[in-house]
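Here the structure is laid out as structure tokens; the discussion comes afterwards.
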Amino acid sequence: MSNSFEHLLSKRALGMRKNVIREILKVVSQPGMVSLAGGIPAPETFPIEDLYRINETVLDRYGAAALQYDLTEGFAPFREALAGYLANKSISADAESLLVFNGSQSVLDTLGKILITPGDIIALESPSYLGAISAFSSYSPDYVSIETDDDGIVPQSLERALDQQPVKFLYLVTTFQNPTGRTLSAERRKEVAEIIKTRNALVIEDDPYGDLRFRGQPAPALQTFAPENVVYVSTLSKIFAPGLRLGFCVAPPLIREWLYRAKQGADLHSNTYAQALATEYICGGFIERQVPKIIELYRPRQEAMLAALESHLPRDYRWTKPEGGMFIWVEGPPGVDAEQIYWRAVERKVAFVPGKYFYIEPDDGLPTMRLNFTRVDEATIEAAIATLGRVIRHNGG
Ligand SMILES: Cc1ncc(COP(=O)(O)O)c(C=O)c1O
């Protein structure tokens, strides 16, 4: 008897994409593999010692309230703490305008749920964060790609896209983008804000990496230039602990109302205890001490990777030199197939992500690679890039 229930699956489920990176990265857990592939924090950055104290404070201060059902919009002390934290970054948000979610991934999914009718057009910078593409794709949109260069999306390309078709929203990672590490320049932020304001367009600004700045001056969030047109999305995953699943957003009032309704139906509210821990992490001053420590761990790793790329990659390869974040984006000359390089590198125990997976068009990005520098130490990075260099030369790239 067949027990396949495929015929029961909804049209929506059939539109969901499998995460192709997960498939290709199955090899990463092999013993001895050096992974430059993931996008996850180094475990040394988790404030485990501090958490013993934070735990006690949470139980003393909030008691049963930290374990109880709570508001859909999020634990009130956490929203207050977040509003203060965001004010220091001049992001316009008060506790009432914030909504807390189970990671920023859940914000992206819920935005897809309330905004996308199948066939709607979503604008994405090219390349774009794969997790956002997976979240939105469940709701069956079509995509239009916006050109990018070293300063982020090209404003003229955005104008053309918005003028040629009805675009539901534009999704952007404005600072230290995943996958390229690029940052939308301060000038461009103003230009993009003008473009979206004059067309009354909606932008989702996803900002998980902005706090991981190793050098240079931060640019204000796009949201500060166009608060009525931007949903600002961020997370504590890269500056506290991703396992706590704490993401949040600040949205224009109508979008906020519908996000609220959708979240109420989906999960009632996010984990109260995790929000209470994060409240004390912020209000107890732990975050101010921890973020510089994270930066001090990552900065030399990134410098080691940049230096190793300079020493070991052929002259006709280019790469980004981000001022922070977790990724470097490498681009080989036309004709190179980074997936072939990937399989040969894996044989020599080095893994990365071929960049083509971050594009909507199947033939785009073939010679590109995303390299993560946060998980391994400097000496291992130097050795891994030396291996990659040898593989590339051997590959004829
Ligand atoms: C650009 C971007 N957005 C969102 C996320 C999801 O983060 P989380 O759901 O842990 O908040 C990530 C994770 O790597 C990311 O790179």
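The basis for the numbers below is simple: all heavy atoms, side chains too, and nothing from hydrogens, waters or symmetry mates. Order of listing sets the numbers, starting from 1, for every ligand and every atom in it. What you see is a predicted model, and the numbers here were worked out from it, not measured in a lab.
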Please tabulate, one line per pair, the protein nitrogen or oxygen atoms found under 3.5 angstrom from a nitrogen or oxygen of ligand 1, with distances to 0.1 Å, or say none if there are no such pairs.
from: ligand 1; atom 1: 3 (N); to: D206; atom 2: OD2; distance (Å): 2.5
from: ligand 1; atom 1: 7 (O); to: S104; atom 2: OG; distance (Å): 3.2
from: ligand 1; atom 1: 9 (O); to: S104; atom 2: N; distance (Å): 3.2
from: ligand 1; atom 1: 9 (O); to: Q105; atom 2: N; distance (Å): 3.0
from: ligand 1; atom 1: 9 (O); to: R245; atom 2: NH2; distance (Å): 2.8
from: ligand 1; atom 1: 10 (O); to: S237; atom 2: OG; distance (Å): 2.6
from: ligand 1; atom 1: 10 (O); to: R245; atom 2: NH1; distance (Å): 2.9
from: ligand 1; atom 1: 11 (O); to: S104; atom 2: N; distance (Å): 2.7
from: ligand 1; atom 1: 11 (O); to: S104; atom 2: OG; distance (Å): 2.7
from: ligand 1; atom 1: 11 (O); to: T235; atom 2: OG1; distance (Å): 2.6
from: ligand 1; atom 1: 11 (O); to: S237; atom 2: OG; distance (Å): 3.4
from: ligand 1; atom 1: 14 (O); to: Y209; atom 2: OH; distance (Å): 3.3
from: ligand 1; atom 1: 14 (O); to: K238; atom 2: NZ; distance (Å): 2.9
from: ligand 1; atom 1: 16 (O); to: N178; atom 2: ND2; distance (Å): 2.9
from: ligand 1; atom 1: 16 (O); to: Y209; atom 2: OH; distance (Å): 2.6

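Residues R199 and D163 are paired through a salt bridge, judged by an N-O separation under 4.0 Å between the basic side chain and the carboxylate.
A donor-acceptor pair under 3.5 Å links the side-chain atoms of T198 to the main chain of E194, judged by distance alone.
The only member of R375, R301, K293 that meets salt bridge (charged side-chain N to carboxylate O under 4.0 Å, His left out) when paired with E44 is R301.
Taking the six-membered ring for Trp and the full ring otherwise, the centers of F352 and Y342 sit less than 6.0 Å from each other.
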key: Audit row: E339, L366, side chain to side chain contact (heavy atoms under 4.5 Å, CB included) steps and yes/no   = CA-CA 8 Å; E339 193 166 339; L366 294 182; over 6 Å; no
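Judged by distance alone, the side chains of Q275 and H269 never bring a donor and an acceptor atom under 3.5 Å apart.
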